[in-house]
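Single-structure report; data block below.
On a predicted model such as this, the values are computed, not experimentally measured, just so you know.
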2 protein chains.
Amino acid sequence: MARAAERPLRADAQRNREKILAAAVRVFTEDGLDAHLERIAREAGVGSGTLYRNFPTREALIEAAYRNEVARLCDAVPGLLATMPPDQALRAWTRRFIDYATAKLGMADALRAVIAAGVNPYADSREMIQGALCSLMDAGTAAGVIRTDIRPTDMFAALAGIALTSAQPDQRDQAERLLDLTLDGLRPVAGRGAGGS
Amino acid sequence: MARAAERPLRADAQRNREKILAAAVRVFTEDGLDAHLERIAREAGVGSGTLYRNFPTREALIEAAYRNEVARLCDAVPGLLATMPPDQALRAWTRRFIDYATAKLGMADALRAVIAAGVNPYADSREMIQGALCSLMDAGTAAGVIRTDIRPTDMFAALAGIALTSAQPDQRDQAERLLDLTLDGLRPVAGRGAGGS
DNA sequence: TTGCCAAATGGAGGCGCCCCCGCTTAGCGT
DNA sequence: ACGCTAAGCGGGGGCGCCTCCATTTGGCAA
């Protein structure tokens, strides 16, 4: 993530860019594919010119908004690990994962249009998310607070499954219960020596 | 071709529809994919409302314009056979075939956009054109003015080849010379008994 | 032929997209 | 701290798309 070699965008421009992306997720989720770009600009508090300069086409905006959601989800990991124990960090992060899945579901129509235009917005997203999950689980393993016989890819599959069935906004409670269930199962099994000292 | 079961469209509406399709071929050829629909309406001498009622989307218009070219090409056969000997009819029709190929080439950008939108504008067109060619060649065979050992599909391949290499408007002369060459080769071979009495 | 009515028309108008350019401001050099 | 410069802003305006509906017209029935 982050913008590579290109000259690094002025601070205010970066701020605007992010406000636009956040507004885009909101509005595309609400209005679907044919949301008004003007409205996104208005909600982001920028002029339409600014929106258009950052994202020349509707598709570019949708794609960037989606990628930004993935990036935000993944970038959250270090902060979580820095402020709470690994098992709590993992628990908190799975909540964010559901937020992400809900946003993705809401933008489904818009994303489909991007794909139809010949772009794959999902490139790398799976790897990035699995990488984030891996960091969290490694930290948990190092601290001895999660069992060691479940691989991150298994956990990813479980999370994907929960997202698949329970990512609708009104299923939030169910999603959280399923997450708790899964995370409880991830605790070290007594008498199997996963715990430290 | 022709509009099937649907109620059969008032005479003036049918006329307008055809004017629009003709204008569409012209304008899409000239301006490519992003021709202004307004201009097509203007050139067709109708209001934009009429255009839009007949063809709800840009893609529908492009597709209909292309299909109409195929239909016109094929529908020309009976008229040609009714007004001239079969060999001359075939010769005249091959000219029209090149007209069609030139129009198709000009609309290539627009047609590509239709395909990208998930519609196949070419469905049936090959069969229709081969059918037309078949009628002409059958008539020629019956009259004994063309050789009988060349099948319509062979002839179609030859025409397609000529179109492929010489359909640009500025290659018209070359295309006609190639057609003449091919048609000359289609005459009955002396001493093989294809000719009558 | 005439009258009727549903089909069809067309162009004005609303709306959103996109571009442009005069103004603002971040960020650096002194 | 202060200017300078160019990156960035934003919203007004032009333009094309599409809709809507008052008006026209084709086609049928009497």
Side-chain angles (χ1 to χ4, degrees), chain A residues 2-24 26-65 68 109-110 113-114 116-117 119, chain B residues 2-24 26-28 30-65 68 109-110 113-114 116-117:
Chain A
R3 28 203 35 268
E6 310 137 3
R7 84 175 47 235
L9 213 51
R10 230 166 66 176
D12 55 340
Q14 179 62 36
R15 238 177 292 128
N16 278 332
R17 189 186 162 85
E18 267 152 28
K19 283 193 291 183
I20 291 168
L21 291 173
R26 240 181 298 130
V27 176
F28 278 121
T29 296
E30 198 165 319
D31 294 359
L33 174 54
D34 41 40
H36 298 322
L37 299 193
E38 307 269 283
R39 186 180 157 201
I40 294 174
R42 202 174 339 111
E43 293 213 2
V46 302
S48 56
T50 300
L51 190 159
Y52 194 72
R53 196 174 331 100
N54 278 283
F55 310 102
T57 67
R58 174 178 292 268
E59 286 71 29
L61 175 58
I62 297 168
E63 190 198 347
N68 188 52
D109 282 346
V114 171
V119 180
Chain B
R3 28 202 37 270
E6 310 137 5
R7 82 175 47 234
L9 213 50
R10 230 168 64 178
D12 55 339
Q14 179 63 35
R15 238 177 292 128
N16 278 334
R17 189 186 163 85
E18 268 152 27
K19 284 193 290 182
I20 291 168
L21 291 173
R26 240 180 297 131
V27 175
F28 277 121
E30 198 166 317
D31 294 357
L33 174 54
D34 40 40
H36 299 323
L37 299 193
E38 305 268 282
R39 185 178 158 202
I40 293 173
R42 202 174 339 110
E43 291 212 3
V46 303
S48 55
T50 301
L51 190 160
Y52 196 72
R53 195 172 333 101
N54 278 283
F55 310 102
T57 66
R58 173 177 294 266
E59 286 70 32
L61 175 57
I62 296 168
E63 190 198 346
N68 188 52
D109 281 346
V114 171

What is the distance, to the nearest angstrom, from the [atom1] atom on [X] to the [atom2] atom on [N]?
{"X": "B:Ile40", "N": "C:dG10", "atom1": "CD1", "atom2": "P", "result": "16 Å"}
{"X": "A:Leu33", "N": "C:dG16", "atom1": "CG", "atom2": "C1'", "result": "14 Å"}
{"X": "A:Asn54", "N": "D:dA7", "atom1": "CG", "atom2": "P", "result": "15 Å"}
{"X": "B:Leu61", "N": "D:dG16", "atom1": "CG", "atom2": "C1'", "result": "15 Å"}
{"X": "B:Arg17", "N": "C:dT9", "atom1": "CZ", "atom2": "P", "result": "11 Å"}
{"X": "B:Asn16", "N": "D:dG26", "atom1": "CG", "atom2": "C1'", "result": "12 Å"}
{"X": "B:Ile20", "N": "C:dG10", "atom1": "CD1", "atom2": "C1'", "result": "11 Å"}
{"X": "B:Asp31", "N": "D:dC15", "atom1": "CG", "atom2": "C1'", "result": "15 Å"}

Practice task
For each nucleotide in nucleotides 17-27 of chain C, reading 5' to 3', give B when a protein heavy atom comes within less than 4.0 Å of its base, S when such contact involves only the sugar-phosphate, and - otherwise.
Solution key: BBBB----BSS

Exercise for the section: Please name all residues satisfying salt bridge (charged side-chain N to carboxylate O under 4.0 Å, His left out) with B:Asp34, sequence neighbours left out, ordered by chain then number. Expected result: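 If we apply the salt bridge (charged side-chain N to carboxylate O under 4.0 Å, His left out) test to B:Asp34, skipping adjacent residues, there are no hits.
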
Are [X] and [Y] packed together at the side-chain level, in the sense that at least one heavy-atom pair is separated by less than 4.5 angstrom?
{"X": "A:Phe28", "Y": "A:Leu61", "result": "yes"}
{"X": "B:Asn54", "Y": "B:Val46", "result": "no"}
{"X": "B:Asp31", "Y": "B:His36", "result": "no"}
{"X": "A:Val27", "Y": "A:Glu30", "result": "no"}
{"X": "A:Phe55", "Y": "A:Glu63", "result": "no"}

